Protein chains: 2
Amino acid sequence: MLPIANQHAIISQCAFFHGLTAAEVMLVQQAAVTVQAAPGSFFFQQGEEATALYIVLSGQVRLSQINPEGRQVIVHIFGPGEAMGVIVVLSNMTYPVSAEAMVDSAALAWNRQTINQLMKEIPHLALNGLRLVAQRFMELQERYRELATERVERRIARALIRQMQRGNGRAVPLTRQDLAEMTGTTLYTVSRTCSAWEQAGIVSAGRGLITINDYHRLLVIAEDLPPDHQCPQPATCFYCSPILNCDHFAVKRET
Amino acid sequence: MLPIANQHAIISQCAFFHGLTAAEVMLVQQAAVTVQAAPGSFFFQQGEEATALYIVLSGQVRLSQINPEGRQVIVHIFGPGEAMGVIVVLSNMTYPVSAEAMVDSAALAWNRQTINQLMKEIPHLALNGLRLVAQRFMELQERYRELATERVERRIARALIRQMQRGNGRAVPLTRQDLAEMTGTTLYTVSRTCSAWEQAGIVSAGRGLITINDYHRLLVIAEDLPPDHQCPQPATCFYCSPILNCDHFAVKRET
DNA sequence: CGCATCGTTGATCAAGCTCAAGCCGCGTGG
DNA sequence: CCACGCGGCTTGAGCTTGATCAACGATGCG
């Protein structure tokens, strides 16, 4: 269980609460319930009535959808500070996806009435919610297009880069299977691709972990740049990825 | 140009204005501008500043995204009564997709300030907007999973069924190319598939038009049902498709 | 130590993409 | 009215990508 002070730090920084006064943040936080989930257990499951909105405090949560034959697709991976279930809880729907903890995770939860009430009292909260949804929607559209038009290797490269950008290092803690379900391919293909990249010195492959050694070359694959591509600002090469407009990413760059 | 009375009929029935009083509908309608678009011209284009929200009055509008190499994907096709740009206009973003008229089309438009103002005055409008977005989001997630896990033939079948359900007959006015861009395949594969289906008597293929003759068998393909599948209510077979929960569809059934 | 999970790699194969060639129907302009 | 061109459609041949199957290797945990 996270200490309260830490909770507060996450809440006050996360996008969903951006622009709220300290008093408002306090109000919202007091209305929340903390929920824990062990690896493999679910915050909610596909098909259940959507009764709560969550904000991840710690851990990683895999949002996935499963088809009748049992093939699974990872729609999104949530980390600390991100909100889950924003859309559905406000529209009296059932969850269209499942939220499964990948590691020990904790989240704050508000039930439907509470969050509706809070949004009425703090209109800014509703606006933030809409922004988050918009962001997620655009990302999903982008990935849909990728899946329809891009080759597997490129999709894997992009997924890796995206995950790296959401984490805070060059290591991406995903299994081959995870990556496969994120990119609509099989674990075999991911494994082969990673092996090839390791041969080429682009990544180091580990058990449930892929470390990016040559971001630039990975980017060349992800964006189909010419092999001899020179970044306009090589010193700050991280800037030049159009993936998920990530201007803020530079601050996370290792020096 | 549509007669005003007709406009009003569309507006008052469409989901975005559901639950509003007549006075409110009037207020909103008066704030709108009518926009026309000839086939091939755009209501807005990918990358432009999102300045307006539209409701289609007549025609068909193709929402598509294009990748740097020029491969295109159709994200959605809008018909009369549907709202375009709900998300983006409220979040100060650029349009992530282009909206192109497939036939002569007209839409009502509100600019950002206006719609924001209206949403403040009529909170119900904001709620409706959120519901629409939620619906679209779920549909996109569903299609994303389809693209990642389902075979081409099944995807085409599902796209056809979906389009038929949104139209009002058994004929779907799409070219092979359109269907290909909707399902992430090529026009060749769509053509072959349609030919095979025509052989089998499932559809009649025409120029820019596909007519569904045997909905039941198409459904068997779309849902991978056993070939000898019997609908629980054969007489009202249209009910039994889980695609895009379409309970309302029965009213459109031809008798 | 044994089991479970995760990963690797080879062989095989089919789905579906690509390219090429040609057809059909329609609208347009001579 | 006809010829022409264009946009849409069809079909075949060949090939590539990436899925599938199978067997085995490594790592870590209880």
Side-chain angles (χ1 to χ4, degrees), chain A residues 38-40 62 67 69-74 100 102-104 146-157 159-160 171-200 203-211 221 224, chain B residues 38-40 62 67 69-74 100 102-104 146-157 159-160 171-200 203-211 221 224:
Chain A
R62 180 205 347 244
N67 80 352
E69 282 94 56
R71 284 203 54 168
Q72 222 178 21
V73 165
I74 295 180
E100 179 188 357
M102 302 173 76
V103 296
D104 271 309
E146 245 179 71
L147 197 52
T149 63
E150 247 73 90
R151 311 244 130 188
V152 167
E153 189 185 22
R154 180 116 64 117
R155 300 206 304 269
I156 299 173
L160 256 185
V172 177
L174 293 174
T175 65
R176 309 289 183 270
Q177 178 72 36
D178 288 334
L179 266 172
E181 285 175 5
M182 292 171 76
T183 54
T185 179
T186 62
L187 83 127
Y188 308 107
T189 300
V190 173
S191 177
R192 278 181 237 277
T193 306
C194 288
S195 297
W197 286 347
E198 188 160 32
Q199 287 286 318
V203 305
S204 311
R207 196 185 169 79
L209 190 87
I210 292 163
T211 308
I221 294 169
D224 198 28
Chain B
R62 183 212 337 251
N67 79 353
E69 282 95 57
R71 285 203 52 169
Q72 224 179 19
V73 165
I74 295 181
E100 180 188 357
M102 301 174 75
V103 297
D104 270 309
E146 242 179 73
L147 197 52
T149 63
E150 247 72 271
R151 309 243 139 203
V152 167
E153 189 186 22
R154 180 120 59 120
R155 299 206 304 269
I156 299 173
L160 256 185
V172 177
L174 293 173
T175 66
R176 310 289 182 272
Q177 179 71 35
D178 288 334
L179 267 172
E181 285 175 5
M182 293 172 75
T183 53
T185 180
T186 63
L187 87 124
Y188 308 107
T189 300
V190 173
S191 177
R192 279 182 236 274
T193 307
C194 288
S195 297
W197 286 346
E198 188 159 33
Q199 286 288 318
V203 305
S204 312
R207 194 185 169 81
L209 190 87
I210 293 163
T211 308
I221 294 168
D224 198 27

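Keep in mind it's a predicted model, so treat the numbers as computed, not measured. All values below come from the heavy atoms of this structure, side chains included, with hydrogens, waters and symmetry mates left out. Here is how names work: the chains are called A, B, and so on, in the same order as the sequence lines, proteins then strands, and each is numbered from 1.
For the OP1/OP2 pair of dT9(C) and a distance below 4.0 Å, the side-chain nitrogens and oxygens of S195(A) include at least one atom meeting the criterion. For T185(A), a side-chain nitrogen or oxygen approaches OP1 or OP2 of dA19(D) to under 4.0 Å. For dG16(C), the OP1/OP2 oxygens have no side-chain nitrogen or oxygen of T189(B) closer than 4.0 Å. Look at S191(A) and you won't find any side-chain N or O under 4.0 angstrom from OP1 or OP2 of dG7(C).
Following rounding to the nearest Å, W197(B) (CH2) and dT10(D) (P) show an atom-to-atom distance of 13 Å. Atoms CG (L209(A)) and P (dG7(C)) sit 10 Å apart, rounded to a whole Å. Atoms OH (Y188(B)) and C1' (dA20(C)) sit 9 Å apart, rounded to a whole Å. The separation between E198(A) atom CD and dT8(C) atom C1' is 11 Å, rounded to whole Å. Regarding M102(A), its CE atom lies at a distance of 16 Å from the P atom of dT5(C), rounded to whole Å.
Mapping V152(A) and G208(B) onto DNA chain D via the closest heavy atom, the residue that lands nearer the 5' end is G208(B). With the nearest nucleotide of DNA chain C identified for both R151(A) and V190(A), V190(A) has the one nearer the 5' end.
Considering only heavy atoms from C-beta on, R176(A) comes within 4.5 Å of I210(A) through its side chain. With contacts defined as side-chain heavy-atom distances shorter than 4.5 Å, the pair E150(B)/E69(A) qualifies.
P39(B) and M102(B) make their closest contact through CB-O, 3.8 Å (heavy atoms, listed as atom of the first residue, atom of the second, distance).
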If a protein heavy atom is under 4.0 Å from the base, mark B; if only from the sugar-phosphate, S; if neither, -; do that for nucleotides 24-30 of chain D going 5' to 3'. --BB---

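DNA chain C is contacted by no residue of residues 173-183 of chain B, taking any non-hydrogen atom closer than 4.0 Å.
With hydrogens and angles ignored, a donor-acceptor pair closer than 3.5 Å exists between the side chain of R192(B) and the base of dT18(C).
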